[in-house]
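Following: one structure in structure tokens, then a few remarks.
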Amino acid sequence: MRLTRHNGTSGPASPAGPSRRPRRGRPGRLAAALGAAVGTVAASLAVAAPTAGAVVNGAPSGPAPWAVQITTFGGVLGAPCSGVVVHPRWVATAAHCGPTNPNSYTLGFGNWATVPGGFTATASLASPPVVGAFGSLDTGSFGRHTPEAVYKAPAGDFMLLKLRHPAPSPSVLRAGVDPAPGAVLRFHGFGETTPRGLRSPELRTGLTRLERMEPRAGSRIGRSHTTQGGYGLGDSGGPVFQGDRLVGIHSGSDHDRRRPDGTNPARYESIPAQNGWIDWMIANR
């Protein structure tokens with residue numbers, strides 16, 4: 001989700017131009033080497049973003065242990081998506097986020113899923129053996145994980161990732177019925193924060209107003225328009241809530257119709273429409 005600070009800036013200022021070479025050769029060479037290494041890592045994860053202006057009025061999500069940051073290594077290297085824990089062994093996301101090869105994914109759990117400090121927030125919600133299965137907090141492991149299997153729903157833009165171990169976080173509650181048109185819903189995502197920038201390491205949130213529900217090839221989608229914040233690259237698969245109930249998984253948005261305030265039309269895959277398949281998968285896979 002691309003967000004802009006209220007003072008009009010879109011994030012940290014761009015690095016200044018080249019500076020003079022330090023007089024002391026060894027520290028200067030070391031700094032240059034470190035800078036090159038960081039640049040290489042950043043470039044490997046960067047993905048071209050939509051050209052629309054920065055999104056405004058978004059906010060940090062706060063504690064969100066159920067959030068999942070997904071990186072796909074099938075097709076576009078390092079393509080980002082978002083997801084949500086719907087069962088101790090299952091994560092839900094959008095089917096267009098990647099292939100059915102589980103080795104194509106790496107998952108990070110909880111807010112600030114890319115840094116050790118963020119994963120610490122989920123530690124109290126899991127027993128030490130479970131946390132250990134995902135990585136050691138003592139050694140600064142990021143708690144990353146590759147799923148055991150990936151299944152795409154027979155209908156709709158929806159996918160489940162089965163985990164090798166119980167998630168180090170609680171699962172969310174799923175809604176049984178779709179919201180009524182006009183309902184204001186809350187969405188979350190790890191998407192981009194600046195044009196052509198990297199994904200956010202921090203989960204971000206905004207609001208969207210449901211316009212209508214539509215049938216779509218055996219499933220249903222919710223058509224909405226964001227009213228606070230907006231969707232960007234990397235938010236696909238992110239959760240949409242009404243209160244504390246999961247009502248949808250973000251499927252797509254219209255960047256060409258983005259308003260000057262950054263809000264844009266969007267659509268989500270209905271969780272109530274997918275509940276039967278989700279329950280069957282949990283019971284039989």
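- Residues V150 and N101 have side chains not in contact (no heavy-atom distance under 4.5 Å, counting atoms from C-beta outward).
- The two residues M159 and A95 make their nearest non-hydrogen contact at CB-CA, 3.7 Å.
- Within the 4.5 Å cutoff, no side-chain heavy atoms of H225 are placed close to those of R209.
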Checklist entry - Stepwise, does the salt bridge (charged side-chain N to carboxylate O under 4.0 Å, His left out) test hold for D244 with R186? => result CA-CA 10 Å; D244 64 347; R186 182 165 292 281; over 6 Å; no
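- Put simply, the side chain of E269 reaches to within 4.5 Å of the side chain of Q274, judged on heavy atoms.
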Item to check | Derivation of the salt bridge (charged side-chain N to carboxylate O under 4.0 Å, His left out) call for E211 and R223 | outcome: CA-CA 6 Å; E211 297 176 345; R223 295 278 185 183; over 6 Å; no
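- Closest heavy-atom contact between L210 and S224: CA-CB, 3.9 Å.
- What you find for P239 and G83 is that their closest heavy atoms are CD-O, 4.1 Å.
- No donor-acceptor contact under 3.5 angstrom links the side chains of T226 and T208, judged on distance only.
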Checklist entry - Hey, mind stepping through D178 and Q242 against side chain to side chain contact (heavy atoms under 4.5 Å, CB included) and telling me if it holds? => result CA-CA 9 Å; D178 293 312; Q242 183 178 38; over 6 Å; no
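- Cluster annotation: I221 is not connected to L160 through the hydrophobic network of ILVMFWY side chains, with a link wherever side-chain heavy atoms come within less than 4.5 Å.
- Atom CD1 in I282 sits 7.5 Å away from atom CH2 in W90 (nearest 0.5 Å).
- Between R220 atom CZ and Y268 atom OH the span is 9.5 Å, to the nearest 0.5 Å.
- Within the 3.5 Å criterion, the main-chain N or O of P99 finds a donor-acceptor partner in the side chain of Y105.
- A donor atom on one side chain and an acceptor atom on the other are not found under 3.5 Å apart for R164 and T146.
- No donor-acceptor pair closer than 3.5 Å links the side chain of K162 to the backbone N or O of P147.
- Using a 4.5 Å cut-off on side-chain heavy atoms (C-beta onward), R89 and P166 make contact.
- One distance of note links CZ of R267 with OG of S253; it measures 7.5 Å at 0.5 Å rounding.
- The two atoms that bring N275 and A175 nearest to each other are ND2-O, 2.8 Å, heavy atoms only.
- The shortest distance between side-chain heavy atoms of I278 and F158 falls below 4.5 Å.
- In this structure, S61 and T205 approach most closely via the heavy-atom pair OG-CB, 3.4 Å.
- K152 NZ to H96 NE2: the interatomic distance, rounded to the nearest 0.5 Å, is 9.5 Å.
- With S82 contributing its side chain and G234 its backbone, the two residues share a donor-acceptor pair below 3.5 Å.
- You'll find the side chain of H145 reaches within 4.5 Å of the side chain of L163, heavy atoms only.
- Taken from OG in S270 to CD1 in I249, the straight-line distance is 10.5 Å, to the nearest 0.5 Å.
- Between R216 and S251, the closest side-chain pair of non-hydrogen atoms falls below 4.5 Å.
- Relative orientation of the F241 and H188 rings is perpendicular, given thresholds of 30° and 60° on the angle between their planes.
- Y151 has its side chain out of reach of L161: every pair of non-hydrogen atoms, C-beta onward, lies at least 4.5 Å apart.
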Item to check | Candidate pair V84 and L246, rule side chain to side chain contact (heavy atoms under 4.5 Å, CB included), full reasoning | outcome: CA-CA 9 Å; V84 60; L246 181 70; 4.0 Å; yes
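- Contact between S169 and F109 at its shortest, heavy atoms only, is OG-CD2, 4.1 Å.
- Side chain to side chain, D235 and H250 fail the donor-acceptor criterion of an N or O pair below 3.5 Å.
- Neither L203 nor L207 shares a network with the other; the hydrophobic side chains, linked directly or stepwise wherever heavy atoms of I, L, V, M, F, W or Y lie under 4.5 Å apart, form separate groups for each.
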